[in-house]
Structure formats: structure tokens, C-alpha cells
Amino acid sequence: MNTHSNELNRVLGGGMVPGSLVLIGGEPGIGKSTLMLQVALSMQSLKILYISGEESAQQLKMRSERIKMNSEHCFILTETRTQNIFQQIEEIKPDVVVVDSIQTLHTDYIESSAGSISQIRECAAELQKFSKVTQTPVFLIGHITKDGNLAGPKILEHMVDTVLQFEGDRNYGYRILRSIKNRFGSTSELGIFEMQSTGLREVSNPSEILISQRDEDVSGVAIASTMEGLRPMLIEIQALVSTAAYGTPQRSSTGFDLRRLNMLLAVLEKRCGFRLGAKDVFLNIAGGIKVDDPAIDLAVISAILSSSEDLSIEQKICFAAEVGLSGEIRPVNRIEQRIQEAEKLGFEQIFVSKYNLKGIDLKNPKINITPVRKIEDVFGLLFG
Ligand code: TYD
Ligand code: MG
């Protein structure tokens, strides 16, 4: 079933599944209500029941005016008692139900107050039963904080079919919808949105926001062609290498595995003779995203060398290769897609492993594909 949101469809594994229970978790204020209200309003061909225990009908109306949508097919119910909710469901017979949020519901069968673990569990169980019996997809919104202060809905993770997490950095406008459990699809897909004053915009070309716009060349920046699930995207790696002010040099990494960073630094030091042992190294993936793709190794190394040498890398250059323990540049999967994405975004040169070129089939690429074998080759070509 189509949610009319390409990003949500992708993360769900192709769309909504009849009879599925989906938990959408995220920190308060991240945009869960906005996302689900927007999705509910855009599913014109389906009858949606949006149950809000958090906001008044008036507040919801203001919100839907803000996102400039209204619709006859979306019923808003401000109710928190499950017995009343099921009564309304009987009458309305919705195709899809959204509950905002599971923490606000309470059922007569449990004594404790709304939001308590036993209420959350019982209310979710009632909705699960409804979902399975009637084959209606049900979305449960749950407030979850990283520090575990509001861990309530976490207990539902094993109960529901799909767990989506809506996250983002408050410093940036965009939001990432990530699947962390999915009985019906892969968990490696991401949906990307941007919070605007008129609601969430789907970002179908993530590279546009993940690469910072700059007018002049700066050192310490390298672009990697990476894959998130099946989708290629270009991301920006930023490194800062400086002489350690006090004793032990610091190594810190945001968005990239710190152990892998230490491994790459050891390779640069031991295999290639770059003296980084006494330097502080800070690494950051722009945009606050986390990447777990060995194909960004070469960009990480290039950003570090660029900062260390204080020489910038031309903005039209990008990288897609893994780096091995002996400093060799290794091939990566889906190289054609990575190259094509880079070309599509106007990059003029991409560094890849020499061993990645066998059997690749690209018709007259406009981008210059530069095969490299060792880190020294890359260094020579970039800064030599
Ligand atoms: P909200 O959906 O209420 O978050 P949650 O349900 O996860 O708690 O989002 C709230 C934030 O989003 C709030 O800070 C206002 C902002 N926002 C916009 O920037 N643009 C909009 O169009 C809307 C509706 C909200
Ligand atoms: Mg909300």
C-alpha cells in the first residue's frame, strides 16, 4: 500500500503492509507528528484515522494549515481511551490508523496511569490485535530519547513488525527516517526529509544537503561516493589535523567508526610514513549522518592528508575505495552506481581502486575515472 511518500515507502520496504504494526520513535520535537500528519493528509485514496492524544483538534488544524493540506479522507480524533477509540474505528472503518502517541493512551483493563510501561504494553497489544484481525496498518508514534529517559516505547520493539526511528540534528533542518527493524524489508534504507516552515520536504537527492556549499577551496575536506542501502549518495568528510597541545594526542570521530579511523591512521603512519602520531585528529561526516561503508576510507584518508598538508582537494574530485592494512587501495561493491552518481552530480574526477575496473561497463563516462593502487599514488596525484 502506497503511503504517497517515496521516502517513507522506501524505509518501509516498498510501502505499508496490511495488518502491520509500525512504531515510529524519536525525540520530542523532532517532527514525528508533522511527518505522520503530512503522510495521513496526502494518502488521498485511503481513509485515515489520526488519533491524537497530544494535541487539540485546533492545534492539529493549525498544523495542517501550516503544511497547506487538508482533506476529507483524514479523520482526526482527539481521544486517549482505547475503548472509545475502537468504538470510533467501528464507525469510521479506516484503512490506516495513526496513533500519536502511544504514551498518551490508556485502557480500562490496566490500573496504572497513561505512559506507564504496563499501559503502553497493553494499549499496543489491543491495537496489534485490531491490526491483525482487520488487516489494517497501524502506526504508533512513540517519544524516545537517546539518554533513555523516555524509554517506554522501546519495550514495544519486539512486539511490532517494523521500528522506524526519526532523527536529526537540531542544528540542521533535515531529518533522517531510519528503519531499525523490519519484518518486511531491509533495514539499510534511509529516508531523508528537510523540515521547512511549511512542513517536511522529501529530499530525493540527498547529496544536495550532505555536501556543504563553499565558494573557496578549504583543506581537510574530501567527498566520498557512498551507498546507503541501495541508494548512492555523496557525502563530505571533514578532517582537522593539528599538533597535539598536551601529551596524548586526541582522536575523535563523528559519524565514522573511531576504531576504523585509528586503523587508517596507523596505516598512514606505519605503511606510508606520514607522521601523524603526535597530532590531534578530528574527523566529521558533514550533516550529522553516520556512515558504515568501507568505501569511504579513501576519502577519509584524503581529508586527513589534505588537512595535514594544508592543501585543498579540488571540489570536483571524489573518492570510492576501501583502504587495506598494507595501504593498498581496495575495490568496493557497486562501483558503477557510485561513479554514475558522482557524474550525475557534476563531479569531474573519481578515484577508485585499480582492481575495481575489471569488467565495469560504463558508456562514455564524462567523469575521469582515476585508478589507484596505493595511498602514495593518491597523495602524488592530489598534492604531488
Ligand atoms: P512535531 O511534529 O510536533 O514533533 P514531535 O511530534 O516529534 O514531537 O514537530 C515540532 C517541530 O517542528 C517544532 O519545533 C516546529 C517544527 N515545525 C516546522 O518547522 N515546520 C512545520 O511546518 C511544522 C508543522 C513544524
Ligand atoms: Mg508530536
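Indexing begins at 1, ligand by ligand and atom by atom, following the structure's order. No hydrogens, no waters, no symmetry mates; every other heavy atom, side chains included, goes into these values. Throughout, numbering of the chain's residues begins at 1 and tracks the sequence. Please read all numbers here as calculations on a predicted model, not as lab measurements.
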Looking at ligand 1, would G26 count as a contact under a 4.0 Å heavy-atom criterion?
no
Restricting to heavy atoms, the pick from M195, E65, H143 nearest atom 19 (O) of ligand 1 would be M195
Is the backbone N or O of G19 less than 3.5 Å from a side-chain atom of K132, with the two atoms forming a donor-acceptor pair by type?
yes
I'd like to know whether CZ of F86 has more than 12 heavy-atom contacts from other residues, nucleotides or ligands below 6.0 angstrom.
yes
Test item: E202 side-chain N/O and N6 main-chain N/O as donor-acceptor pair under 3.5 Å:
yes
Okay, side chain of H106, backbone of S112: is any donor-acceptor separation there less than 3.5 Å?
no
Please examine the side chains of L8 and L164, heavy atoms only from C-beta on, and report whether any two atoms are closer than 4.5 Å.
yes
If the cut-off is 2.8 Å, does any N/O/S atom of T34 fall short of it from the Mg ion (ligand 2)?
no
N/O donor-acceptor pair under 3.5 Å between Q88 side chain and L77 backbone:
no
Look only at interatomic distance and state if G29 has a nitrogen or oxygen under 3.5 Å from any nitrogen or oxygen of ligand 1.
yes
Do any nitrogen or oxygen atoms of L35 lie less than 3.5 angstrom from nitrogen or oxygen atoms of ligand 1?
no
Considering the heavy atoms of Q196, write down every atom of ligand 1 situated less than 4.0 Å from one of them.
18 (C), 19 (O), 20 (N), 21 (C), 22 (O)
Within-cut-off N or O pair, R63 and ligand 1, under 3.5 Å
yes
Heavy atom of the protein closest to atom 2 (O) of ligand 1 (residue, atom name, distance)
T34 OG1, 2.6 Å
Any protein heavy atom < 4.0 Å from atom 13 (C) of ligand 1
no
Salt bridge (charged side-chain N to carboxylate O under 4.0 Å, His left out) partner of E7, the single match among R231, R201, R175
R231
E341 vs N205 side-chain heavy atoms within contact, under 4.5 Å:
yes
Can you tell me if E54 has a non-hydrogen atom under 4.0 Å from ligand 1?
no
Closer than 4.0 Å to some heavy atom of P28 - which atoms of ligand 1 meet that?
8 (O)
Heavy-atom donor-acceptor pair, E269 side chain to L276 backbone, under 3.5 Å
yes
Between D292 and R260, is there a salt bridge with N-O shorter than 4.0 Å?
no
Mark up the atoms of ligand 1 that fall under 4.0 Å of a heavy atom belonging to E27, in ascending order.
7 (O)
Suppose we measure from atom 22 (O) of ligand 1 to each protein heavy atom; which comes out shortest, and what is that distance?
G199 N, 2.6 Å
Can you list the ligand 1 atoms lying under 4.0 Å from a non-hydrogen atom of T198?
22 (O)
Hey, can you tell me if F166 and F193 have their rings parallel, tilted or perpendicular (30° and 60° cut-offs)?
perpendicular
Can you check which of M36, R66, Q59 brings a heavy atom nearest to atom 25 (C) of ligand 1?
R66
I want to know if ligand 1 touches G31 in the polar sense, i.e. an N/O pair below 3.5 angstrom.
yes
What part of S33 sits under 4.0 Å from ligand 1 if we count only heavy atoms: the side chain, the backbone, both or neither?
both
